[in-house]
Amino acid sequence: MPLSELQANSSGHEQTDVPGLHGYWSRMTAALSGKSSGHNSEFHRDRLLLHVLGLGLEQTTQYLLQNHPGFTEFQDWAFATAGKPSGNTIARLKNLYEDAPLPQDILSLHEQVSNMPDVLSAEDLQHWSEHGFVILNEAVPATDCAEAAQTIWDALGAKEDEVASWYHKGHANIMVQLFQSPAFDKNRRSLRIHKAFAQLWGTADLWASTDRCSFNVPEKPGHVFQGPDLHWDVSLYQPVPFATQGVLYLTDTPPEQGALTLVPGFQHKLAAWLDALPANASPREEDLHALGSVPVGGKAGDLVIWHQALPHGSRPNRGKKPRIVQYINMLPSHLQVHETWL
Ligand SMILES: O=C(O)CCC(=O)C(=O)O
């Protein structure tokens, strides 16, 4: 262990100006070396920390797994990957970890979003309550979608008019571990998107996720859909707390073109369904499509937001073009997370 870390550990002080970062590194290092279970009460703050630093969860975990860095090395990598955090980012983290007051810029943003006209109508909100999902049309302008989509094409070394180039071998499923790009950031900062999440959460005091992208190619022999099929990303320990998830379509996505697929209204049925399963059943292994899954298509620029209690996934692309998306979510500072994984 480098001297700087020994000093950090023995003095108990974090050798960083980024609140939370040393604690995160230290918990992850212990978990990845098998010294702790990996489940921890800091799960939610850890993900907010990565989101606000502009780091992807998978990319950070992979980096830690492959490099076993000391803290200084980890912090250097974080800054080199996503840039040095701004004063506002540090202030936001100080608020999260130390209860320091929020800076004026962030308070003003929250006020601006709160005062914006609604972007989800009364019917949209009714649809959300009943079905657990809603589509925000034209969440971002077409040019911003095109720019984000192009970033993905470029990163994959693929071209829209060269079909053979779509079928890269590097991915076990549709996910593309791409996080840092001005085009993605612009979409993450969309006020219209912020307002939609603010309406659903009942507050504009939310953190934008730094999520990945995906590229779901039309199936052909040798290239069949490898998921993700229907699943939950949350513990099924009851009650599943309210929380959102979201996907931004970067190109027109008819339902058959590998659209997001979910079981509408299941947030109201999950508890009773779990209770009715035989004692030895494994909920995640059940035929979730039989619960009534539907594909939710959309136009380029549409954002689909769903309740985390809905079984959801992608589907085989039976269309003619790849389905290209950026995942975008927003979360509050405090969120109930069950530590028991069910
Ligand atoms: O890309 C999709 O359609 C599904 C996304 C998904 O399964 C997820 O975000 O957990």
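Residues take their numbers from the sequence shown, with the count starting at 1. Just follow the structure's listing: the first ligand is 1, and inside any ligand the first atom is 1.
- Note: F133 and H127 have perpendicular aromatic rings, judged against thresholds of 30 and 60 degrees for the angle between ring planes.
- Contact annotation for V247 and ligand 1: no heavy atom of the residue comes within less than 4.0 Å of the ligand.
- The aromatic ring centroids of F215 and W166 lie 6.0 Å or more from each other.
- Scanning the protein for heavy atoms near atom 5 (C) of ligand 1, the closest one is Y327 CE2, 3.5 Å.
- Residue contacts with ligand 1 for R323 involve side-chain atoms from C-beta outward but no N, CA, C or O (heavy atoms, distance under 4.0 Å).
- The side-chain heavy atoms of W128 and H307, taken from C-beta on, include a pair separated by under 4.5 Å.
- Among L260, V325, D233, the residue whose heavy atom sits closest to atom 10 (O) of ligand 1 is D233.
- Ring centroids of H51 and W207 are separated by 6.0 Å or more, keeping the two rings apart.
- Contacts between P228 and ligand 1 below 4.0 angstrom, taking non-hydrogen atoms only, involve the side chain exclusively.
- H312 CD2, 3.6 Å is the protein heavy atom nearest to atom 6 (C) of ligand 1.
- Among protein heavy atoms, atom 7 (O) of ligand 1 sits closest to H231 CE1, 2.8 Å.
- Counting heavy-atom neighbours within 6.0 Å of E219 CD, excluding the residue itself, gives a total above 12.
- Between W201 and F242, the ring planes lie perpendicular to each other; the angle is over 60°, past the 30° to 60° tilted range.
- Closest protein heavy atom to atom 4 (C) of ligand 1: G313 C, 3.5 Å.
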